[in-house]
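Worksheet: one structure, shown below.
As the structure is a computational prediction, the values presented were derived from the model and not from experiment. Basis for what follows: all heavy atoms, side chains included, without hydrogens, waters or symmetry-related copies.
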Amino acid sequence: MIIRATLIAVRLAARINGRGVRLLAAACAAVMLAGSMAAHADAPPRRVVSMNLCTDQLAMLMADEGQLRSVSHLAIDPESSVLAEQARRFPINHGLAEEIFMMKPDLILSGTFTNRASIAMLKRLGFRLEEFPPSYSFPEIREQMLRMGRLLHREARAQELIGELDRQLAAIPEWIHGGRRPLAALHYANSYTSGSGTLASAIVERSGFENLGSRLGLTGMVRLPLEVLVNSAPDLIIGGLRPGTAPALAYQTFEHPALRAVLDGGELTSIPDRYWICGAPFTAQAVRLLSAHAPVLKAERGAAK
């Protein structure tokens, strides 16, 4: 296995102009590291590199001092990352096999949708790589945090974060009025919505709303025709945040007269994307922000009567 990893590393070095010598030297170090990893499989990893926004944030929340060595470039984007400021303390990677290789990690964290070519190359080189699928529910968020805690040998910290998530959720009332939850519709660019089996739907339902996509029997992220949304007369329409102000066909339904009639002079409700993208303790903030609209809607309906 070690000889094969060396040969692959040499081939990789030969493909990259001007960096062959450095990569060849790194290949030797990687081979030595692979042997060291095999000999100390039960020791906590000390050179952890994350290639995915969600593993970036879980690792930043849990890693011991000096344990995490690099996070992905998405981690420093404040629109996508709750921990953007903290992420600036780490070297940034762009998920390329050669840059990860040069960092000589003893544990690589990625998502199941991370650059597949890079993942395949790093696996062939013999690096220890753990892939995390997206979280689609609150139980899955807890499972992912427990798994990260085990990988980093930070189980106590993982339990602490799960307790924090549960305390935050417990403090948010579940609004149910007269046996009926207000109906919420998720409306994204190109008329996409989230049905059952998505984290967005789990957040909507935990916030005290019924998700229109789930009511219609939709699963995953699918297109919802505007006429179906309008005829369903939702109490709340949650719109994906629109980047910039330039006109875009993807957002033409946001200005459609029929949608504006349903909004009745109001605006689409928006929750910052960074609270929806990844599952972590901060996901409770999306629930809190959305839940704040439920009692307002009930009061408005009461006044209308």
Side-chain angles (χ1 to χ4, degrees), residues 1 5 29-76 80-83 86-87 89-97 99-116 118-166 199 277-283:
M1 175 66 182
V31 169
M32 294 174 64
L33 180 61
S36 174
M37 286 165 55
H40 302 89
D42 293 332
R46 300 311 310 171
R47 299 186 62 84
V48 180
V49 172
S50 173
M51 303 169 61
N52 170 267
L53 173 63
C54 296
T55 57
D56 291 338
Q57 295 186 92
L58 286 182
M60 280 191 283
L61 287 169
M62 294 188 203
D64 202 357
E65 187 68 30
Q67 192 176 27
L68 181 61
R69 299 303 179 92
S70 177
V71 295
S72 79
H73 66 285
L74 292 175
I76 63 173
S80 303
S81 174
V82 175
L83 304 177
Q86 295 91 315
R89 297 186 288 117
F90 300 94
I92 299 302
N93 70 75
H94 294 79
L96 302 176
E99 64 178 340
I100 303 298
F101 179 87
M102 294 296 290
M103 294 175 184
K104 301 189 290 291
D106 56 4
L107 174 62
I108 301 170
L109 305 169
S110 76
T112 51
F113 296 103
T114 302
N115 188 318
R116 304 318 297 168
S118 292
I119 295 300
M121 177 60 76
L122 292 166
K123 284 183 176 179
R124 290 173 62 197
L125 286 168
F127 287 99
R128 182 188 178 194
L129 196 145
E130 297 286 343
E131 298 181 72
F132 282 68
S135 295
Y136 296 122
S137 67
F138 286 99
E140 288 184 9
I141 292 174
R142 297 182 185 93
E143 290 172 10
Q144 299 283 40
M145 289 196 285
L146 285 173
R147 183 185 174 199
M148 183 65 76
R150 288 193 296 269
L151 290 172
L152 299 179
H153 290 231
R154 298 278 289 168
E155 291 91 341
R157 176 59 176 157
Q159 291 289 357
E160 180 182 329
L161 290 169
I162 291 171
E164 179 184 330
L165 170 65
D166 290 341
L199 183 58
I277 296 173
C278 299
F282 48 71
T283 308

Do R124 and M121 touch side chain to side chain, with heavy atoms closer than 4.5 Å?
yes
Minimum heavy-atom distance C54-I277, with the two atoms named
SG-O, 4.1 Å
Point-to-point distance, once rounded to the nearest 0.5 Å, from NE2 of H94 to CD1 of I100
10.5 Å
Quick one: which of V71, L83, L74 gives a side-chain contact (heavy atoms from CB on, under 4.5 Å) with Q57?
L83
Using a 4.5 Å cut-off on heavy atoms from C-beta on, say whether the side chain of L152 contacts that of R157.
no
Would a 4.5 Å heavy-atom cut-off, applied to side chains only, mark N52 and F132 as touching?
no
How far does NE2 of H73 sit from CD1 of I92, to the nearest 0.5 angstrom?
9.0 Å
Minimum heavy-atom separation for D42 to H153, with atom names?
O-CE1, 2.8 Å
What one should report as the nearest heavy-atom pair of P133 and Q144 is O-NE2, 2.5 Å
Between CE on residue M148 and CD on residue E130, distance to nearest 0.5 Å:
9.5 Å
Sequence neighbours excluded, the answer for side chain to side chain contact (heavy atoms under 4.5 Å, CB included) partners of A280 is L58, L61, F282
Output the distance between atom CG (L68) and atom OG (S50), rounded to the nearest 0.5 Å.
7.0 Å
Validation row: T112, P134 side chains within 4.5 angstrom (heavy atoms)
yes
Taken to the nearest 0.5 Å, the spacing of M62 CE from E155 CD works out to 10.0 Å
Residues pairing under side chain to side chain donor-acceptor pair (under 3.5 Å) where one sits in residues 131-141, two or more places apart or in two chains, turn out to be R116-E131, K123-E131
Hey, what do you get for CG (L107) to CZ (R128), rounding to the nearest 0.5 Å?
5.0 Å
Check: L151 and P45 side chains under 4.5 Å, non-hydrogen atoms
no
Distance-only, no hydrogens or angles: does the E99 side chain make a donor-acceptor pair with backbone N or O of G95 under 3.5 Å?
yes
Closest non-hydrogen atoms of A158 and G149, given as atom of the first, atom of the second and distance, are CB-CA, 3.9 Å
Least distance between heavy atoms, C278 atom then T283 atom
O-OG1, 3.1 Å
Can you pull out every side chain to side chain donor-acceptor pair (under 3.5 Å) where at least one residue sits in residues 59-71? Sequence neighbours excluded, please.
S70-N93
Between A75 and S81, what is the shortest heavy-atom contact and its length?
O-OG, 2.9 Å
